[in-house]
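Since we're looking at a predicted model, the values are computed, not measured.
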Amino acid sequence: MLDKLAQLTLRRSRTVLALFVVLAVAGSVASATLFDKLTAGGLADPDAESGRAAQVLEAAGQGPPNLTLVVSAPSGVDSAAAVSAGTALSNRLAAEPHVTNVTSYWTAGRPPQLRGQNGDKALIGASVSGDETTVNRLLDELVPRYEGSHDGLDVRVGGSAMFWKETTEQSQKDGTKGEAIAFPVTMVVLVIVFGSLVAALVPLSVAFLTMLLGMGVLWLVASATDVSVFAVSVVTLLGLGLAIDYSLLMVSRYREELALGRDMAAALRTTMTTAGRTVVFSAVTIVLVLAGLLLIPLAAVRSLALGAVVTAVLSAVGSLTVLPALLVVLGPRIERGRVLRRRRPTREADPESGFWHRLATFVMRRPVPVATVVVVLLLLLGSPFLNIRLGMPDERSMPESSQARQVTTLIRQNFDGAELNALQVVAPRADPASAELGAYAARLSQLPDVGRVDTLTGSYVDGALRVPAQEAHRRFALGEGVYLSVVPETADPDDALRLVRDVRGAPAPFPALVGGTAAVSVDTTDVLIARLPYVLGLVAVAMVVLLFLLTGSVLLPFLALLLSALSLTATFGALVWIFQDGNLAGLLGGFTVTGTIASTIPVMLFALSYGLAMDYQVFMLSRIREEYERTGSGTEAVAIGLERIGRMVTAAAVLISIVFLAFTVSEITYIKAYGVGLPLAVLVDATLIRGALLPALMRLGGRATWWAPGPLRRLHARFGLREAPGPVPPALTTSGGAAAATGQT
């Protein structure tokens, strides 16, 4: 297949390039309106209890308030002028299309929770209905009309709708900034790697076309279903990194073949059937690892998985079509613009003189102490992860210039912050006239950490009716049903999280659904924990099968899984040490430490990091296997294989780390986490794992590393993947597999 593709590229190189340029231009045009189709949320499970509660409230026109107006009155919110102006402002907002459930200090009976502590500020809450695209469009119209001065009142507009709108806009700005940094720095490193300007431009060209194509595909997908804004960063930055990685692998092998004296056609065919197979296998590996995230019912997680899958496929397609076409068109001109002089790669060069060969040999002479030191170091670096505390991202993840953050801070400073963490207990079948409603509200108000319960029958504190039903309490009616607002005693988010489980565990006289921000956080964490074993199981099975097809070994797939997992320990330790505990915040441009990590970050970071770690395992094991088939010696295959692939994998790791470091320029805290975690995972895998643990453990495994029982050997002989033809090594053909497994090389 790849050989035929090489022949097609040789004959129709300019046609292939023209086709991809046209598609890339179409993708670029489509991407101009892409952000209008994306959503900024997606961190809640719509089928969870909190999601179903929100749906009931939304259907009844009582959706949770997502728009908040902080109104300041210099003369006091209870002055005649403020009452008149505030009432008019509230009625005006209530008359707006798609705005429902308006709750104002002046029109709801002046409840104390909507009045500022100093008496000069009051709140107006409302729900803007519609999907996130519709809400964002409505906010573009509403905010300019209400922000600013109105009849002596000063109005600031915020709320969760503003938070997610600003998240979308900030993500777009950060992505553009990151690309502007990543491209030139990557170009410099590529010139250092290849020593030639033209050769350095080839991977960048493939990456650029891949990114544009990815944006076009994302536009098509977003036209049919909800796609989170986070997918754009994945397509752009991961697309840049993977396309460069694959192109680097292909170009390095192509130049190596040319250096051996082969003509362009022969070099290209060999490159496609060797490095090209590794690219295909690598892309399939990443697709399967990231596809496991589709089992998690969160739109943001699924969007990230979708973006990564699209990116991996397009990066491989571009590297196997656009790249060979460019090599054909350029011919010997690929060496033009040489700015650095270095010895060209040849297979005949003495591999024992190379750094990676010497390092592998050193490690394999001392496998036990080296492996012990590295494993202990990685576990030590990962130890902070044992104290991880999960939560949901809020306005503090945004920069201080964020309007949503400023308004929320204003509310926390001037109002009872516990109101922001109120739970909604939705009872769609409860009889509003039943005495059970008041009794249930009274019991809930006696729970630990409950400050007040509001419902249709009044407000309850410590088991007693404190405020009888007033006009403000009518909003708790849901047609035939009713809902209750359970306000925590304090503004501490931990109290609200505990309260969710307490309220759900309390006996109810009718079916009830507990919703609210804290309930969403609990449900999101629960669904991630519940689905994670399935994700890990799918990934493990898929990787064992694929790596067996690549290596023909029973042990190596499990060894690769273990090594890839160990490469993530430092990443997760750093995640907690930096972003939860607040270390190095100043070095990373500053961010607000909340004491928690967004619950989706570890899962998404695991999938991306693990996929990349397995990607490099594929690069290394495929070349080691090629050398093993050529030499039949395990130790020699590891040393020579690492030497052959070492410089390229190091360059690829550095390049993709530079790309991912662009995430750190983001002003959204949880996006910064990817900019730290992903490069760290890649660099640990490319140094400690590849340079120390892999050769040490393969040396300890001896011939058993390559052993497989007879039926599996025959299966691999028929369906297995090989980088290059050659004699099958003894460890794979010996009928006495057990005996072969006990020998040493």
Side-chain angles (χ1 to χ4, degrees), residues 53 56-57 60-65 68 77-78 83 86 90 101-117 119 121-127 411-412 414-428 430-479 481-492 495-496 498-500 502-504 506-510 512-519:
V56 172
L57 290 173
Q62 297 285 350
T68 304
V77 295
D78 294 311
V83 170
S90 304
N101 197 21
V102 175
T103 304
S104 165
Y105 172 73
W106 294 282
T107 60
R110 303 188 196 181
Q113 61 266 30
L114 298 181
R115 182 178 185 272
Q117 296 171 357
K121 291 180 177 62
L123 295 180
I124 302 175
S127 299
I411 293 173
R412 293 185 187 278
N414 292 274
F415 297 84
D416 181 4
E419 299 289 337
L420 298 175
N421 296 327
L423 306 180
Q424 291 86 44
V425 181
V426 181
D431 182 1
S434 171
E436 291 179 332
L437 177 60
Y440 179 52
R443 288 199 302 273
L444 290 181
S445 70
Q446 291 179 299
L447 292 175
D449 301 319
V450 173
R452 188 183 75 254
V453 176
D454 299 326
T455 189
L456 188 62
T457 56
S459 297
Y460 297 79
V461 178
D462 293 331
L465 178 63
R466 184 65 56 89
V467 180
Q470 299 178 358
E471 182 66 25
H473 293 96
R474 291 184 179 274
R475 65 188 178 93
F476 294 102
L478 298 176
V482 68
Y483 80 96
L484 304 86
S485 175
V486 180
V487 182
E489 190 171 17
T490 71
D492 187 348
D495 290 347
R498 286 193 298 270
L499 191 56
V500 172
D502 290 343
V503 172
R504 286 177 174 174
F510 34 68
L513 302 169
V514 179
T517 302

Rounded distance (nearest 0.5 Å) linking atom CG of L484 with atom CG of L444: 6.5 Å

Neighbour count >12 (heavy atoms, 6.0 Å) for atom CG, D462: no

With sequence neighbours excluded, residues passing side chain to side chain donor-acceptor pair (under 3.5 Å) with T455: none

Minimal non-hydrogen separation, L447 against A506, with atom names: CD1-CB, 4.4 Å

Nearest atoms (heavy-atom pairs only) where A469 meets L456: CB-O, 3.5 Å

R504 side-chain N/O to V514 backbone N/O, donor-acceptor pair under 3.5 Å: yes

Nearest heavy atoms of T107 and S90, plus distance in Å: CG2-CB, 3.8 Å

Check: V77 main-chain N/O paired with W106 side-chain donor or acceptor under 3.5 Å: yes

R412 atom CZ: more than 12 heavy-atom contacts under 6.0 Å: yes

Side-chain heavy atoms of D78 within contact of R115, under 4.5 Å: yes

Side-chain heavy-atom pair H473, V467 within 4.5 angstrom cut-off: yes

Exercise: identify the closest heavy-atom pair between V102 and A126: CG2-CB, 3.8 Å

Sub-4.5 Å side-chain heavy-atom contact between D431 and L437: no

Side-chain heavy-atom pair T103, L123 within 4.5 angstrom cut-off: no

side-chain contact (heavy atoms from CB on, under 4.5 Å) partner of Y440, chosen from P507, S434, P509: P509

Gap between atom CG of D454 and atom OG of S485 - 0.5 Å precision: 5.5 Å

ring-ring contact (aromatic ring centres under 6.0 Å, His included) involving Y483 - partner list, sequence neighbours excluded: F476

Least distance between heavy atoms, R452 atom then S459 atom: CD-CB, 4.2 Å

Identified side-chain contact (heavy atoms from CB on, under 4.5 Å) counterpart of D449 within the set T490, D495, V503: D495

Closest approach of P488 to A496 (non-hydrogen atoms, all atoms of both residues): CG-CB, 4.3 Å

pair V461-S445: side-chain heavy atoms closer than 4.5 Å: no

